[in-house]
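Let me begin by presenting the structure, written as structure tokens, before commenting on it.
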Amino acid sequence: MLQVSFIRENFDQAVLGLRKRNLNDAEALLKQAIELDDDRKSIQLQRDQLQAESNSISKSIGQLMKSGQIAEAEKVKSRTSEIKLQVKELEVSYTEKELQLTQLLYTLPNIPHESVPAGKSADDNEIVLSHGAIPVLNVDEKLAHWDLIKKYDIIDFELGVKISGAGFPVYKGKGARLQRALINFFLDEALQAGYVEIQPPILVNEDSGYGTGQLPDKEGQMYFATEDNLYLIPTAEVPITNIYRNEIVQEEQLPIRNVGYTPCFRREAGSWGAHVRGLNRLHQFDKVEIVHISHPDKSYEALEEMSAYVQGLLKKLGLPYRVLRLCGGDMGFTSALTYDMEVFSAAQERWLEVSSVSNFEAFQANRLKLRFRDESKKMNLAHTLNGSALALPRIVAAILENNQQAAGIKMPEVLVPYLGFEWIQ
RNA sequence: AGAGAGUUGGGUGAGUGGCUUAAACCAGCAGUUUGCUAAACUGUCGUACGUGUCAAAGCGUACCGGGGGUUCGAAUCCCCCACUCUCUACCA
């Protein structure tokens, strides 16, 4: 959520930023926010003054009662009941303005960083760099991963349908072991890089949904346990970032760097189509997530560090990848700058998004009320960042497709100690 | 799930309608003293919003788990909800 003070002080920048997100009436919306805030302030001023008067009258009534001047006390009571009515009215309009303002602010996305390219869709994303050669497959007939998993009987979608439904695969044998190996590999790498491991709950309450921006409006994308009012997490970002909701952290604690593995649950309502076969899109999948809580001056350094870290993982797995800087039209609602990492999957002959690393600046922290006190004892919002490191299914798809040979599928070297085998045959 | 007891500042914890401007202690911060450390002493020490200002100080309002109510006045009385602890039941 944007801060009104930020909008006031950086009005032109905010307008330009939101236009980059193709929000054409940005100027009018931002002006409206300032107006609502002005109204709120002037109502608060009236209300506070009346309440101050009422407080002092109450105090004097207490004293009159004590000294036995009951009749005097009764007299002044009438004034307080007058004030009470007025305060009640002002209270109602204050709450109304505040609500309108909050609802307006909830609809405004984050201001993109200046380096974010203009654009409408994924076609306008900027390719920052590419790494690794497109693999040439040494097989008679290259198979997509959905055929490979059948051939080697390592992932069973039909079985998942029987137990749960479409999009809930069952991993079997070496397929299951590959999942476990990847999770452990990713966690160990993060620990070596200095992250603190977190194992969070995978059901979260409503407040947490608001804290990271899944709520309001995106409730349709989360599974919801109605009996207990809990949401199944779509990503570990939600519980891990919400650890710091309503917290004042010490400046010297920054940066906070957490990593966590969780299953992720996404309803993906209505988003099934030709490009989402096999592992490309699932209702349940596994992901290791990294989260940074950063000093505002250091958050872009942190973003670069996270991007480099994720690229390191892809290099170790031997997967060709490219890094995209998302354009204004393709970037997530809460993000100021997002890098997507895509790996090339050689049988589908497509780039698959396997990680998304974002700096949210103070946008989430404002909702979370995540603050720190600086040297001059002033309260500031921290910056939050997160990134996948990594999401498993498409990594598995790429490993299977890119490493297929006549003899079977050769596992990446770095995974062998975790797997206990070299080939899926 | 049933019964009972609770939830007060960073921590412990007092406070049953106006003497609370939330006591006291601990921790923290600043200072004094001191060969150093420690101790002692003095002061300071919540958050949000508003107001004020170059910035601040100051001032106002709200906040004692959350929401609502009674009252001129609520941490205190009433209602609803959440959570914690104890016992019982159940369970890995």
Side-chain angles (χ1 to χ4, degrees), chain A residues 1-10 33-105 199-211 215 224-231 239 242-254 256 362 364-382:
Chain A
M1 187 163 65
L2 296 174
Q3 304 166 80
V4 179
S5 58
F6 176 89
I7 297 173
R8 284 181 193 277
E9 286 159 29
N10 307 278
I34 292 174
E35 257 169 53
L36 284 168
D37 195 48
D38 286 340
D39 292 350
R40 180 189 64 80
K41 283 185 187 179
S42 82
I43 295 168
Q44 182 180 346
L45 194 58
Q46 293 176 57
R47 185 198 63 186
D48 285 359
Q49 279 166 357
L50 283 170
Q51 251 163 5
E53 191 186 337
S54 170
N55 283 346
S56 86
I57 292 174
S58 285
K59 210 167 264 179
S60 72
I61 288 175
Q63 261 144 31
L64 288 171
M65 295 287 219
K66 223 180 298 164
S67 58
Q69 295 165 272
I70 313 272
E72 287 297 313
E74 286 303 324
K75 252 197 208 156
V76 268
K77 275 193 191 177
S78 67
R79 173 59 185 153
T80 54
S81 47
E82 237 174 79
I83 292 176
K84 215 174 153 185
L85 281 175
Q86 291 179 43
V87 166
K88 205 159 213 171
E89 271 175 44
L90 289 170
E91 198 65 53
V92 168
S93 45
Y94 181 88
T95 312
E96 198 180 308
K97 290 290 175 195
E98 200 180 33
L99 187 71
Q100 284 174 12
L101 176 60
T102 310
Q103 279 172 345
L104 173 60
L105 291 176
Q199 197 174 100
I202 58 179
L203 279 87
V204 295
N205 59 27
E206 203 182 36
D207 285 348
S208 294
Y210 277 94
L215 299 174
F224 182 51
T226 53
E227 194 77 6
D228 298 288
N229 279 311
L230 294 170
Y231 294 88
N242 272 283
I243 290 172
Y244 306 100
R245 171 157 48 85
N246 285 325
E247 293 290 329
I248 300 166
V249 300
Q250 302 301 313
E251 188 172 18
E252 54 271 19
Q253 281 176 264
L254 301 176
I256 295 170
Q364 279 184 335
N366 188 32
R367 279 203 200 184
L368 291 162
K369 300 209 173 11
L370 163 51
R371 294 153 296 167
F372 72 94
R373 211 188 289 277
D374 66 19
E375 276 176 22
S376 59
K377 308 237 167 183
K378 225 186 115 211
M379 213 60 105
N380 295 282
L381 292 172

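Note that these values count all heavy atoms, side chains included, but never hydrogens, waters or copies made by symmetry. Each chain gets a letter, A, B and so on, in the order the sequences are listed, and its residues count up from 1.
Heavy-atom minimum distance, A:Val249 versus A:Leu370: CG1-CD1, 4.2 Å. For the pair A:Ser54 and A:Ile83, the tightest heavy-atom approach, listed with the atom from each and the gap, is CB-CG2, 3.8 Å. Across every non-hydrogen atom of A:Ser208 and A:Asn242, the tightest pair is O-ND2, 2.9 Å. When all heavy atoms of A:Val87 and A:Arg47 are compared, the pair lying nearest together is CG1-CG, 4.3 Å. Across all non-hydrogen atoms, the minimal contact from A:Ile43 to A:Leu90 is CG2-O, 3.5 Å.
We find the OG1-CE distance between A:Thr102 and A:Met1 to be 6.0 Å, quoted to the nearest 0.5 Å.
For the C1' atom pair drawn from B:A5 and B:C45, the interatomic distance equals 33 Å after rounding to whole Å. Separation of the C1' atoms belonging to B:A22 and B:U76 is 12 Å when rounded to the nearest angstrom. To the nearest whole angstrom, the two P atoms, one in B:A62 and one in B:U44, are 24 Å apart. Nucleotides B:A57 and B:U47 place their P atoms 12 Å apart, quoted to the nearest Å. One C1' atom belongs to B:A75, the other to B:C63, and the distance between them is 11 Å to the nearest Å. B:G65 and B:U71 have their P atoms separated by 23 Å, with the value rounded to a whole Å. Nucleotides B:A14 and B:A24 are separated by 15 Å at their P atoms, to the nearest Å. Between B:A92 and B:U86, the two C1' atoms lie 22 Å apart (nearest whole Å).
Remark: A:Asn55 is not in phosphate contact with B:G73, judged by side-chain N or O atoms under 4.0 Å from OP1 or OP2. Put simply, A:Arg47 has no side-chain N or O that comes within less than 4.0 Å of OP1 or OP2 on B:G60. For the pair A:Arg373 and B:U47, the criterion of a side-chain N or O lying under 4.0 Å from OP1 or OP2 is met. Phosphate contact (OP1/OP2 of B:G50, side-chain N/O of A:Arg40, threshold under 4.0 Å): present. Note on A:Asn229: every side-chain N or O is 4.0 Å or more away from OP1 and OP2 of B:C81.
Map A:Lys41 and A:Ser81 each onto its nearest nucleotide of RNA chain B; the residue landing nearer the 5' end is A:Lys41. Nearest-nucleotide mapping onto RNA chain B: of A:Ile57 and A:Asp48, the residue sitting toward the 5' end is A:Asp48.
Taking every side-chain heavy atom of A:Met379 into account, B:A48 is the closest of B:U51, B:A48, B:C72. With B:G73, B:G50, B:A48 as the candidates, the nucleotide lying closest to the side chain of A:Gln44 is B:G50. Distance from the side chain of A:Ala52 is smallest to B:G60 among B:G60, B:U47, B:G73. Closest approach to the A:Thr80 side chain among B:C72, B:U61, B:C49 is made by B:C72 (side chain taken as heavy atoms from C-beta onward).
Checking B:U7 for Watson-Crick or G-U wobble geometry (two distances, each under 3.5 Å) identifies B:A82 as its partner. Searching all strands for a Watson-Crick or G-U wobble partner of B:U37 with both distances below 3.5 Å returns nothing. Pair check for B:G58 finds B:U51; Watson-Crick or G-U wobble, both atom distances under 3.5 Å. Pairing for B:U44 is with B:G28, a Watson-Crick or G-U wobble pair whose two hydrogen-bonding atom distances lie under 3.5 Å. Remark: B:A89 base-pairs with no nucleotide; criterion is Watson-Crick or G-U wobble with both hydrogen-bond distances under 3.5 Å. Using Watson-Crick or G-U wobble geometry with both donor-acceptor distances under 3.5 Å, B:G73 finds no partner in any strand shown. B:A22: no Watson-Crick or G-U partner with both key distances under 3.5 Å is found in any strand.
Using a 4.0 Å heavy-atom criterion, one finds that A:Gln51 contacts the sugar-phosphate atoms exclusively. A:Leu45 comes within contact range of the sugar-phosphate backbone alone, with a heavy-atom separation under 4.0 Å but no base atom that close. Among the atoms of the strands shown, base atoms are found under 4.0 Å from some heavy atom of A:Lys77.
Atom CG in A:Asp38 sits roughly 16 Å away from atom P in B:C49 (whole-Å rounding). Between A:Lys369 atom NZ and B:U47 atom P there is a gap of 15 Å when expressed in whole angstrom units. The distance between atom CD of A:Gln46 and atom P of B:G50, rounded to the nearest whole Å, is 15 Å. Across the protein-nucleic acid pair, A:Ile43 atom CD1 and B:G50 atom C1' stand 13 Å apart, rounded to whole Å. Atom CG of A:Asn246 is separated from atom C1' of B:G66 by 12 Å (rounded to the nearest Å). Rounded to whole Å, the distance from OH on A:Tyr94 to P on B:A48 is 14 Å. Across the protein-nucleic acid pair, A:Asn366 atom CG and B:C49 atom C1' stand 14 Å apart, rounded to whole Å. The distance between atom CG of A:Asn205 and atom C1' of B:C83, rounded to the nearest whole Å, is 12 Å.
A heavy-atom distance below 4.5 Å is not found between the side chains of A:Glu53 and A:Gln49.
With hydrogens and angles ignored, the 3.5 Å screen pairs a side-chain donor or acceptor of A:Asn10 with a backbone N or O of A:Phe6.
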